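Single-structure report; data block below.
All values below were derived from every heavy atom in this structure, side-chain atoms included, with hydrogens, water molecules and symmetry-related copies excluded. Given the structure is predicted, the values throughout are model-derived calculations rather than measurements.
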Amino acid sequence: MGSLPLSRVFKGCLHAVKKTTLGVRDSHCYTLDNNLLTPAQRHFYEENGYLVIKNLVSDEDIERFRDEFERICRRDVKVPGLLIMRDVSIAKSEFVPDEKAVMKIQDFQEDDELFRYCTLPQIIKYVECFTGPDILAMHTMLINKPPDPGKKSSRHPMHQDLHFFPFRPADLIVCAWTAMEKIDRSNGCLVVLPGTYKGSLKQHDYPEWEGGVNKLYHGVRDCDKSAPRLHLAMEKGDTVFFHPLLIHGSGMNRTDGFRKAIACHYASGDCHYIDVKGTTQENVEREVAEIAKTEYDIHSPVILKDIWAFRSRLVKGERRNL
C-alpha cells in the first residue's frame, strides 16, 4: 500500500490535536469531553451518529419561532437571502400567501428572531461537544411538512447532509434539529439508519417517485432498503444532534396538520472549503448555482462554496476559514 499524501497526514494530525486540546479525546473520536455529555451519551453518539436531548427548547421560544414563521409566510416581513420552498403538489396549484403554501424556509440567518434559535445557550453548549468553541451557523431552515396530498410528495428521501456541503472535515459538523410539536410516524418523523455516519459520502440523485419530488430533495442512490431503520418520535422541544454523514429522511405526513421543526447545521471554525468538481457533489453544485441565479439575480459564475460563504454566520468564537 502506498504512503498517504503529506497534506492528508497533516490534516489528520491537526484534527487529532484539535480534538485533544479542546477536550479529553480518550477513546472517543467524534465527541469532546467538556463535562456536559455523560459517558453513556458519548458512547451512544459514537455508535449511532445521533443523540436526542429531551425538552431542550422551551415552549415560549418555539411559539416565538412559529409566530415569526407565520409573519414571513404572510409577507409581513421580508428577510434578505431567504429561500421559500413549496411542496411540488402545491407549487402547481393556486395558493394564498400563508403558511399552508410553504413547505420550508431556508437561509433565515438574517432574520434576528429565527436566528436566535441558532444562538440559544442550551443548544450551543451541546454543539460545542462536537465542533469545539469556534462555531459557525452554516445552514438554517424551518420545515413545515404539509399534509400529504395523496401523492406521497411530503416524504423526504434518505440522504446525507454532507452531500450539500462543500466544507470539511465532516466530524466537525453537526446538525441541531428541534421538534416544534409532537412528532411521530403519523406526521412524518425523522427516520435514521444508525451507524451509517461511519461510512463514506454516497452518490445522490432525485428518486423516481410517481407523485414528483420536491426541489433539492436528493436521495442516496441505491439506498439499502434492508438496513435497520429507527423512527425518532419526539416531543415538542426535543432536539436531536446528528452527524452530516448519517443517512436519514422522513416519511409522509398522514395527518391534517402541518409538522414543524427548526434546525441549524453548525461547523467548526477549523473547517475549510473544498472544490467539489470531479466529485459526486457536482450535481448539487449545478442545481444550487441555477437557483442562486434565479432567486438572487446573479449572472456571474457561481460555485458551491460561494453560496455557503454567503449563508454562514458566526455564532461563537472566531471565523477562520469559512
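Inspection of the Ser268 and Thr131 side chains reveals no N or O donor paired with an N or O acceptor under 3.5 Å. Side-chain polar atoms of Glu287 and Tyr206 form a donor-acceptor pair below 3.5 angstrom. Side-chain contact annotation: Ser312 with Arg319, donor-acceptor N/O pair under 3.5 Å present.
A continuous path of Ile, Leu, Val, Met, Phe, Trp and Tyr side chains, each step under 4.5 Å between heavy atoms, connects Met141 with Ile123, placing both in one hydrophobic cluster. Leu37 is connected to Trp177 through a chain of hydrophobic side-chain contacts under 4.5 Å among Ile, Leu, Val, Met, Phe, Trp and Tyr, so both are in one cluster. Hydrophobic clustering, with ILVMFWY side chains joined whenever heavy atoms are under 4.5 angstrom apart, keeps Val220 apart from Leu246.
Close placement of the Phe165 and Trp308 rings is indicated, their centers lying within 6.0 Å of each other. Residues His28 and Tyr45 place their aromatic rings such that the two centres sit no closer than 6.0 Å. If you look at His272 and Phe167, their ring centroids are not closer than 6.0 Å.
A distance-only check finds no donor-acceptor pair linking the side chain of Asp111 to the backbone of Val79 [under 3.5 Å]. Put simply, the side chain of Asn253 gets close to the backbone of Gly257: a donor and an acceptor are under 3.5 Å apart. A donor-acceptor pair under 3.5 Å is formed between the side chain of Gln281 and the backbone N or O of Leu162. Side chain of Thr196 to main chain of Ile247: a donor-acceptor pair is present (N/O by atom type, distance under 3.5 Å, no hydrogens or angles). Checking side-chain atoms of Glu285 against main-chain N and O of Leu304 turns up a donor-acceptor pair under 3.5 Å. Side chain of Tyr266 to backbone of Cys118: a donor-acceptor contact under 3.5 angstrom is found. Checked by atom type and distance alone, the side chain of Glu318 never pairs as donor or acceptor with a backbone atom of Asp134 at under 3.5 Å. Looking at Gln160, its side chain does come within 3.5 Å of a backbone N or O of Lys202 through a donor-acceptor pair. Looking only at distances, a side-chain donor or acceptor of Lys145 sits under 3.5 Å from a matching main-chain atom of Gly251. Not one N or O on the side chain of Asn55 forms a donor-acceptor pair closer than 3.5 Å with the backbone of Asp238.
Closest non-hydrogen pair, Ala170 versus Pro244, comes out as O-CG, 3.4 Å.
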Next item on the list: Please report the C-alpha distance between Ile53 and Gln41 in whole Å, then the side-chain angles of each, then the deciding distance to 0.1 Å, and finally whether the side chain to side chain contact (heavy atoms under 4.5 Å, CB included) criterion is met.
Entry: CA-CA 10 Å; Ile53 304 298; Gln41 287 174 324; 3.7 Å; yes

Margin query: Using side chain to side chain contact (heavy atoms under 4.5 Å, CB included), reason through Glu113 and Phe65 one step at a time and then give a plain yes or no.
Written below: CA-CA 7 Å; Glu113 179 56 40; Phe65 302 145; 3.8 Å; yes

Check: side chain to side chain contact (heavy atoms under 4.5 Å, CB included) between His204 and Thr280: does it pass, once the steps are laid out?
Finding: CA-CA 7 Å; His204 286 61; Thr280 61; over 6 Å; no

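For the pair Lys260 and Glu70, the salt-bridge criterion is not met [side-chain N within less than 4.0 Å of a carboxylate O]. Of the charged side-chain nitrogens involved, at least one lies within less than 4.0 Å of a carboxylate oxygen, so that Glu235 and Lys182 count as a salt-bridged pair. Ion pairing between Lys125 and Glu128 fails under the 4.0 Å rule for side-chain N and carboxylate O.
Checked against Tyr50 for a ring pair (Phe, Tyr, Trp, His ring centres under 6.0 Å), the options Phe44, Phe242, Phe241 give a single hit: Phe44. No option in His218, His139, His265 other than His218 meets the ring pair (Phe, Tyr, Trp, His ring centres under 6.0 Å) test with Phe164.
Classification of the His243-Tyr197 ring pair by plane angle, with boundaries at 30° and 60°, yields tilted.
Rounding to the nearest 0.5 Å places CG of Asp161 at 13.0 Å from CE of Met138. Atoms CG and CG, on Asp61 and Leu120 in that order, are 5.0 Å from each other to the nearest 0.5 Å. A distance of 11.5 Å separates SG of Cys271 from CD1 of Ile135, quoted to the nearest 0.5 Å. Summarising the geometry, atom CG belonging to Leu136 is positioned 11.5 Å from atom CD belonging to Gln109; distances are rounded to the nearest 0.5 Å. In this structure, Leu142 CG and Lys104 NZ are separated by 10.5 Å, a value rounded to the nearest 0.5 Å. Atom CG of Leu193 and atom CG of Leu230 lie 9.5 Å apart (nearest 0.5 Å).
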